[in-house]
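The next block holds one structure in the form of structure tokens; read it before the comments.
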Protein chains: 2
Amino acid sequence: MCSASSDLTAQAKIRNAAIAHFAQDGFQKANLRAIAATARVSAGLVIHHFGSKEKLRSVCDDHVLRLLVQRADEARPSGMQDPFREYLSNPEEYRLQVQYMLRAIEEDMPAAATFVNTLVDESEEILRAGIADGTMHPSSDVRALAVLSVLHSVATLTMPPPLARALGYERFGPDVLRRLALPTLELYTHGLFTDDAALKAARAALNDSPQEED
Amino acid sequence: MCSASSDLTAQAKIRNAAIAHFAQDGFQKANLRAIAATARVSAGLVIHHFGSKEKLRSVCDDHVLRLLVQRADEARPSGMQDPFREYLSNPEEYRLQVQYMLRAIEEDMPAAATFVNTLVDESEEILRAGIADGTMHPSSDVRALAVLSVLHSVATLTMPPPLARALGYERFGPDVLRRLALPTLELYTHGLFTDDAALKAARAALNDSPQEED
DNA sequence: CCATGCATTGAACATGTGTTTAGCATTTAA
DNA sequence: TTAAATGCTAAACACATGTTCAATGCATGG
């Protein structure tokens, strides 16, 4: 990265350093002096160019969002589906951008909402198409299923250290992802239960106390 | 809570206030003066009784862990399985303890490791029993499946706001949980795919490049 | 060459927050 | 009753960190 950083403008160097720090430490824990140090500039220059830490984050949000959406568009029509393989088969820089966006989702930033909506909408489309052509089971609530699958993907990619350790790894990484790939596909192919007793029980319970709308 | 707080020792009041603040805001964002204000004491007293913010957290960790494990033991042999129904059908105080432990998992505290290991071990036992008696499908990696199911539960209970909003809710809550219950059970009963093409492809891909890095 | 403007810096400033300290009040023990 | 210990507080302190400011260097145009 140092080889490329010398011919970038100071603004771009700061922005890239900020993206790395925000992705790794989160917005709050990341501090301007460390970002400035990574970018080989002073803390004052960061404010001079971006006005405030908040505005700097906004610029980073837009930048990463643009990169990810652009990459997804280029990969049409497959889009952003199968985030696991996507994540595994792409360069370090891409992983950083994904990590940044995952942090943004956790911290509920506006750019994250845009990103998540894109993912969920795309997921819902794929589900509806799969159900229509018979490759996927029908669902009582396709929208919820779309959210659920995105949630599972996000959760896997942000797996908390204690869970990674329960699997025998120091922390989340590509090896953990590979380890979980097969069980995940097995679950999505055969399910877990051999009968629908639990499902019927849940349906009954939800009908007993229908806290619902239409 | 105010009615009960008057006859608690100051230490207990501070500890309970800290649990609430840590659960709601996370350890870093929570500050001693706010905790002290909730407990109706001065900030200095918090340090006087607990030594430091870090030690205060340690006491809270142990306290919440003890309460949750005790509750799980009382609920034997069902233990901590089906966290959704457990979460929905229990009082506010219990939700706070769960929320505290979820925060501890995110922030990778020692107590969280204990809790997670309990959950995963218990989950693995249940899976092995279910597979043995034929109510669950065999798995190529039961341990990983146990981690996966715990991960899904944790992820659902800590659903980031953007995902809750993608479902049409302001933020995560009991209603979101009820909405996701059926799709989750459907997934765990029937799976998603109607054939095993994706599963076979994954098996093949993992055999082709079993240990690849770029 | 000078002047203007931009990039950049180091130091100072402001604020939030964990912690320390000195002191006060109340209880307890001799 | 006095003295020590305990519970508790307000203020001060230390430090991290976002931000401001004055000054310096350096380019470009007149």
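All figures in this text were calculated on a predicted structure; none of them were measured in a lab. Proteins get letters first, then strands, A, B, ... in listed order; numbering begins at 1 in each.
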Counting N and O atoms only, with roles assigned by atom type, does the side chain of A:K53 sit under 3.5 Å from a partner on the main chain of A:F27, one being a donor and the other an acceptor? yes
Is A:R103 salt-bridged to A:D108, cutoff N-O under 4.0 Å? no
Could you tell me how far apart B:L56 (CG) and C:dT17 (P) are, to the nearest whole angstrom? 16 Å
Looking only at the side chain of A:L45 (C-beta and beyond, no hydrogens), which of the listed nucleotides C:dA7, D:dT19, C:dG18 gets closest? C:dA7
Rounded to whole angstrom units, what separation is found between the NZ atom of A:K55 and the P atom of D:dG18? 16 Å
For the pair made of CG in A:N31 and C1' in D:dT19, what is the distance, rounded to whole Å? 13 Å
Among the nucleotides D:dT19, C:dT19, D:dC8, which one has an atom lying closest to any side-chain atom of B:L32? C:dT19
Of A:R33 and A:A43, the one whose closest nucleotide on DNA chain C sits nearer the 5' end is A:A43
From the options D:dT20, D:dC8, C:dT19, select the nucleotide whose nearest atom is closest to the side chain of A:I47. D:dT20
In whole angstroms, the gap separating P of D:dG18 from NZ of A:K29 amounts to 14 Å
When we call it a touch if two heavy atoms are under 4.0 Å apart, what does A:H48 touch: a base, just sugar-phosphate, or nothing? base
Which of these passes side chain to side chain contact (heavy atoms under 4.5 Å, CB included) with B:M101: B:L157, B:V116, B:L119, B:L68? B:L68
Whole-Å distance between D:dA5 C1' and B:H49 NE2? 14 Å
In whole angstroms, the gap separating P of D:dA16 from CD1 of A:I35 amounts to 17 Å
Would you mind reading off the distance between A:Q11 atom CD and C:dC6 atom P, rounded to a whole angstrom? 13 Å
Mind checking if A:A30 touches a base, just sugar-phosphate, or nothing, with heavy atoms under 4.0 Å? sugar-phosphate
Between A:R57 and A:D62, is there a salt bridge with N-O shorter than 4.0 Å? no
Between D:dA16 atom C1' and B:K53 atom NZ, what is the distance in whole Å? 13 Å
